[in-house]
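As C-alpha cells, the structure follows; a few thoughts come after it.
We name chains A, B, ... by the order of the sequence lines, and we start the count at 1 in each one. Only heavy atoms go into these numbers, but all of them, side chains included; no hydrogens, no water, no symmetry mates.
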Protein chains: 2
Amino acid sequence: MKRSRPRGTADLILDTAERLVQTRGFNAFSYADVSEELGIRKASLHHHFATKAELGAALIDRYHRSFCDALRAIERGSDDARERLTRYIELYGSVLRRKRMCLCGMLAADVDTLPAAMRASVATFFAENETWLAGMLDAGRRSGALRFEGTSASVARFFVSSLEGAMLVARGGGGGKVFDAVAHHLLAEVGKGAGQARRPARGRQRAARGRTA
Amino acid sequence: MKRSRPRGTADLILDTAERLVQTRGFNAFSYADVSEELGIRKASLHHHFATKAELGAALIDRYHRSFCDALRAIERGSDDARERLTRYIELYGSVLRRKRMCLCGMLAADVDTLPAAMRASVATFFAENETWLAGMLDAGRRSGALRFEGTSASVARFFVSSLEGAMLVARGGGGGKVFDAVAHHLLAEVGKGAGQARRPARGRQRAARGRTA
DNA sequence: GTCTATAACGAGATAGAC
DNA sequence: GTCTATCTCGTTATAGAC
C-alpha cells in the first residue's frame, strides 16, 4: 500500500475534475466548477493545468495508472482466476456505487469532441485493459479454473464492453440490478461451474472440464 | 413500411440534432450547429423547439417511437427467436456502423446534466426495451429455440447493457471487432450451441453473424 | 416561419500585481 | 502560487420586423 501523502493543489484539482468528468462528462464541467469547489480562482487552476485539454490528458493518465495499480493488486491478492475475475468486476462495481461512470467510459461517449491526445489515451486504456484481462482469462483456462468459448481477446472485449455498458445503463435509470445482472452473467460466461452447473447441453464442450472448489 | 413523406422543418431539425447528440452528446451540440447545417437562423429553430430541453425531449420521443417500430418489424419479419435476436442485435450494429452511439446510451452518459423530463424518458426507453426483449427471450425459451440461465429480465438487462457498452467501447477506440465479439458472445449466451456449436460447418450462424459485421 | 439584432450569461484563457 | 481584472468567444433565449 502506498502511503497517502498530503495532496498538493494539482492533486486536489485532479480529484475534483475527475469526479466532475465521471458524473457530468468532459464538456459539462468547467474550470469555474472546480474553482468554486476548491475555493481557488480560475486563474490559479490555469497555473497548474494551462488548458482544459492538458487537464483532461492528466486525468486519463492518473486514472490509467491508478487502474493498473488496482490490476496489480488483484494479481497479488489471489491466485485463483475466478476470484481475480470477481475482484476485477468489483472494480467497476465500486465506481458505480460511488455514482460515477468509468472515466474512460464517459470519455468514450465524448470521444468525437475530445482533443486528439485524449482520444488516443482513451483507446490505450481500453486496449491495455483488454490485454490484461485476456491474459488473466488465458491463465485461468490453462489452469482449468475457467472455461469459455472463443479467444481470450474476444471474451475480454465482451467483459469490458458489458461492464462499461452496465455502468452506463445503470446510471441511465436501470439502477444497481443492471450491474448485478451483468456481473452474474459474465461470471457464468466463463463457466461458473461447480455450484450451478450449466444446463447439461450434451457435449457442449469436450475440452476443459476442469472444476474448481 | 411507412411512406416517407416530405419532411417538415421540424423533422429536419430533429434529424440534424439527433445525429449531433448521437455523436457529440447533448452538451456538446448547439443551436448554432443545427442552424449552420440547415441554413436556418437560430431564432427560427427556437420557433419550432422553444428550448433545448424541449428539443431534447422531442428527440427521445421520436427515437423511442422509431425503435419500437423497429421492434415490431422484427416481430413481423420472423417467427424464429434466434433470428429475431440476431436482428435485434443488428439494430445496434447498424447505428454503430453509421458512427453513432445509441441516442439514449449517449444521453445516459449525460444523465446528470439533463432536464428531469429527459432523464425520465431515457429511463423509460431502457425499461421498455428490456421488457420487450425479456418477452422475446421467454417466448424463445418456451419454444425451445433459446436456452439460458436465470430470468429473462436478467438476461435482457445483460443484452441491453452489453450492446450499449459495445457501441461505447467501439467508439472509444476498440472499433468494429468489439461489437462483433459482443454480438457473438451474446448469441452464445442463449444457447447458440444447442447442437450447432459442434457442427461449425453449418452455415446458419455464420451468415447471421456476418450481417452484424 | 423566417429573419436581424441583441440580451444575458458562462466558457476557456491571458496579463500582470502581489 | 494565488490573486484581480479582463478579453474573446460561444451559448441559450427573446423582441420585434417582414
Side-chain angles (χ1 to χ4, degrees), chain A residues 5-60 62 106-107 109-119 121, chain B residues 5-60 106-107 109-119:
Chain A
R5 295 172 305 148
R7 329 214 75 191
T9 304
D11 283 316
L12 293 174
I13 294 169
L14 289 173
D15 290 343
T16 300
E18 182 179 82
R19 178 177 45 75
L20 288 170
V21 173
Q22 287 186 266
T23 52
R24 303 173 56 85
F26 190 70
N27 297 301
F29 96 99
S30 70
Y31 274 52
D33 296 329
V34 180
S35 166
E36 188 172 358
E37 181 159 326
L38 293 182
I40 289 180
R41 303 296 97 179
K42 286 195 293 171
S44 306
L45 303 180
H46 280 283
H47 171 78
H48 296 278
F49 302 98
T51 67
K52 200 181 180 185
E54 199 176 301
L55 171 56
L59 279 177
I60 304 176
R62 192 181 73 154
M106 183 62 89
L107 293 175
D110 296 330
V111 75
D112 279 16
T113 70
L114 296 182
M118 287 182 67
R119 205 161 20 201
S121 296
Chain B
R5 295 172 305 146
R7 328 213 77 191
T9 304
D11 283 317
L12 293 173
I13 294 169
L14 288 172
D15 289 343
T16 300
E18 183 179 82
R19 178 176 46 73
L20 288 170
V21 173
Q22 288 186 266
T23 52
R24 301 173 57 85
F26 190 70
N27 297 301
F29 96 99
S30 70
Y31 274 53
D33 296 328
V34 180
S35 166
E36 187 172 359
E37 181 160 324
L38 292 182
I40 289 181
R41 302 297 97 179
K42 288 190 290 172
S44 306
L45 302 180
H46 280 283
H47 171 77
H48 296 279
F49 301 98
T51 67
K52 200 182 180 185
E54 198 175 301
L55 171 55
L59 279 177
I60 304 177
M106 183 61 90
L107 293 175
D110 296 329
V111 76
D112 278 16
T113 70
L114 296 182
M118 286 182 68
R119 205 165 9 197

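Going from atom CG of A/Leu20 over to atom P of C/dG10 covers 17 Å, rounded to whole Å. In this entry the distance linking CG of B/Leu38 with P of C/dG1 reads 15 Å, nearest Å. Rounded to an integer number of Å, the gap from A/His48 NE2 to D/dC3 P is 9 Å. The distance from atom CZ of B/Phe49 to atom C1' of C/dG1 is 14 Å, rounded to the nearest whole Å. With rounding to whole Å, A/Lys52 atom NZ is found 19 Å from D/dC9 atom P. The nearest whole Å value for the distance from the NZ atom in B/Lys42 to the P atom in D/dT12 is 8 Å. If you measure from atom NE2 of B/His46 to atom P of C/dG1, you get 17 Å, rounded to the nearest angstrom.
The minimum heavy-atom distance linking A/Thr9 with A/His48 is given by the pair CG2-NE2, 3.5 Å.
With values rounded to the nearest 0.5 angstrom, A/Leu59 atom CG is found 4.5 Å from A/Leu55 atom CG. A/Phe29 CZ to A/Lys52 NZ: the interatomic distance, rounded to the nearest 0.5 Å, is 5.0 Å.
Inspection of the A/Thr113 and A/Asn27 side chains reveals an N or O donor paired with an N or O acceptor under 3.5 Å.
A/Lys42 and A/Asp33 are not joined by a salt bridge, as no carboxylate oxygen comes within less than 4.0 angstrom of a charged side-chain nitrogen.
With contacts defined as side-chain heavy-atom distances shorter than 4.5 Å, the pair A/Val111/A/Leu107 does not qualify.
Using a 4.0 Å cut-off on heavy atoms, none of the residues of residues 21-31 of chain B approach DNA chain C.
Contact between the side-chain N/O atoms of A/His47 and the OP1/OP2 oxygens of C/dA13 is not found at any separation under 4.0 Å. Applying the 4.0 Å criterion to OP1 and OP2 of D/dG1, one finds that A/Ser44 has every side-chain N and O outside that range. Using a 4.0 Å cut-off, no side-chain N or O of A/Thr51 falls inside it from OP1 or OP2 of C/dG12. Side-chain nitrogen and oxygen atoms of A/Thr9 include none within less than 4.0 Å of the OP1 or OP2 phosphate oxygen of D/dG1.
Nearest-nucleotide positions on DNA chain D for B/Ala53 and A/Arg41 put A/Arg41 closer to the 5' end.
A donor-acceptor pair under 3.5 Å links the side-chain atoms of A/Arg24 to the main chain of A/Ala28, judged by distance alone.
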